[in-house]
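Worksheet: the structure to be examined is printed underneath.
Atoms within a ligand are numbered from 1 in the order they appear, just like the ligands themselves. Since we're looking at a predicted model, the values are computed, not measured.
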Amino acid sequence: MTGPILSLRGITKSYGQGNALDRLLGRDTRFVALDGVSLEIARGDVVGIVGESGSGKSTLASIAVGLTKPTSGEVLLDGEPLSALMRDHGGPWRRRIQMAFQDSSSALNPRKSVSRCLTETLALRGVPKAEREAEALAMLTLVGLGAELAPRLPHELSGGQRQRVGLARALAMKPDILIADEPVSSLDVSLQAQVINLLSRLTRELGLTLLFISHDLALVRTLCSRIIVMRKGAIVEQGPCLDVLDHPTHTYTQLLIAAVPKGIKGRRQHAAAAQIASPISTARESAG
Ligand SMILES: Nc1ncnc2c1ncn2[C@@H]1O[C@H](COP(=O)(O)OP(=O)(O)OP(=O)(O)O)[C@@H](O)[C@H]1O
Ligand SMILES: [Mg+2]
């Protein structure tokens, strides 16, 4: 199919109605988290979304997967309004667009073991019962987790492990579009490289369309072909990743780039990027 796989048209999201007095006095106390965001994502695009904390990245992601209802505007999946697709609860669109959440502690059901979380997801995808357990273990291996974690509950995992279970669950659906919200932020450099390599491979080999939300410009540079820069609920700049990062035209993008710490963190980031570029580092992930 031609045309964008995902389009957002004039998405606005405001929170809060104010208290009774505000309403009585007609005071507008709403907080605008997204202010008319429009974008188009082509099939197979790998798009980095960056911007300061609170700029609306996670809100945008949540609206794109249909978890948050926009105040106004429309999301289109392959040209079809998500609002219409959503009436079909178990419809195929559910599988096609998946999200790996930034806050993995609230994204996983606290009463379900890792194994159950994954096998239930595989059941939704229609994987036969006899194959689910083995495939769940394969998914864990894919994100660099051992089989010993399978019986554990989310609170028995570290933050980084939970984050990867969330990613494994999203990938278990074999989505066409994955929105990964800070998927590697709580991982050490070598694990970051491993997960980024995995995502990079999935985009190359399976044509996965990826929206990668991150504060880490070095990782975005390594992984993404396009970049979207957000500030205060709006897109301030977008374009080919290297063009924008090397020649930012908007002052805010320039500030964002200038703010990347040059000290220890800078070296860590470069170490991660170097590992990602190196074919040797794919050896560990290719076990999956
Ligand atoms: N349920 C909510 N009620 C009220 N305000 C909200 C709600 N969810 C988000 N916000 C506000 O909307 C703005 C955008 O939040 P969002 O989580 O999208 O930012 P973000 O860009 O993902 O930030 P970060 O980089 O810190 O994850 C923030 O100011 C946040 O406080
Ligand atoms: Mg966020």
Can you tell me if an N/O/S atom from Thr59 lies under 2.8 Å from the Mg ion (ligand 2)? no
The Mg ion (ligand 2) to nearest N/O/S of Ser53 below 2.8 Å
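Ser53 does not place any N, O or S atom closer than 2.8 Å to the Mg ion (ligand 2).
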Among all protein heavy atoms, pick the one closest to [atom] and tell me residue, atom and distance.
atom	result
atom 11 (C) of ligand 1	Phe31 CE2, 3.7 Å
atom 17 (O) of ligand 1	Ser58 CB, 3.7 Å
atom 9 (C) of ligand 1	Tyr15 CE1, 3.5 Å
atom 27 (O) of ligand 1	Gln102 NE2, 2.9 Å
atom 16 (P) of ligand 1	Thr59 OG1, 3.5 Å

- request: Return a yes/no value for Ser53: is any of its N or O atoms, backbone included, closer than 3.5 angstrom to an N or O of ligand 1?
  value: yes
So the angle subtended at the Mg ion (ligand 2) by Gln102 atom OE1 and Ser58 atom OG, rounded to 10 degrees, is 80°
Closest heavy-atom pair and its distance - [X], [Y]:
X	Y	value
Ala234	Val37	CA-CG2, 4.2 Å
Cys224	Cys241	O-CB, 3.4 Å
Gly44	Thr209	N-OG1, 2.8 Å
Thr249	Gln254	O-NE2, 3.9 Å

Contact between ligand 1 and [X] is defined here as a heavy atom of the residue under 4.0 Å from a ligand atom; is it met?
X	result
Gly51	no
His215	yes
Gly56	yes

request  = Answer yes when Asp246 and Arg221 have at least one side-chain N-carboxylate O distance shorter than 4.0 Å, and no when they do not.
outcome  =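 Salt bridge: yes.
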Query - Cationic N near anionic O, under 4.0 Å, Arg96 to Asp78 - result: yes
Self-check item: Single-linkage hydrophobic cluster Phe212~Val260, side-chain heavy atoms < 4.5 angstrom
Solution: yes
* Asked: Roughly how far apart are Thr222 OG1 and Gln192 CD, rounded to 0.5 Å?
  ->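 Thr222 OG1 to Gln192 CD: 10.0 Å, rounded to 0.5 Å.
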One should read off an interatomic distance between Arg231 CZ and His250 NE2, to the nearest 0.5 angstrom, of 7.0 Å
Heavy atoms of the protein only: does one fall short of 4.0 Å from atom 31 (O) of ligand 1?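 For atom 31 (O) of ligand 1 the answer is no, since every protein heavy atom stays at 4.0 Å or beyond.
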Check: Quick one: which of Gly54, Gly233, Ser14 has a heavy atom closest to atom 28 (C) of ligand 1?
Finding: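 Considering heavy atoms of Gly54, Gly233, Ser14, the nearest to atom 28 (C) of ligand 1 sits in Gly54.
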Ser55 heavy atoms within 4.0 Å reach ligand 1 at atoms 19 (O), 21 (O)
Open item on the list: Please classify the Met230 to ligand 1 contact at 4.0 Å (heavy-atom distances, strictly less than): side chain, backbone, both or neither.
Closed with: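 No part of Met230 comes within reach of ligand 1.
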Practice prompt. Tell me, with the steps shown, if Asp188 and Ser190 meet side chain to side chain donor-acceptor pair (under 3.5 Å).
Written response: CA-CA 6 Å; Asp188 62 69; Ser190 76; 3.0 Å; yes
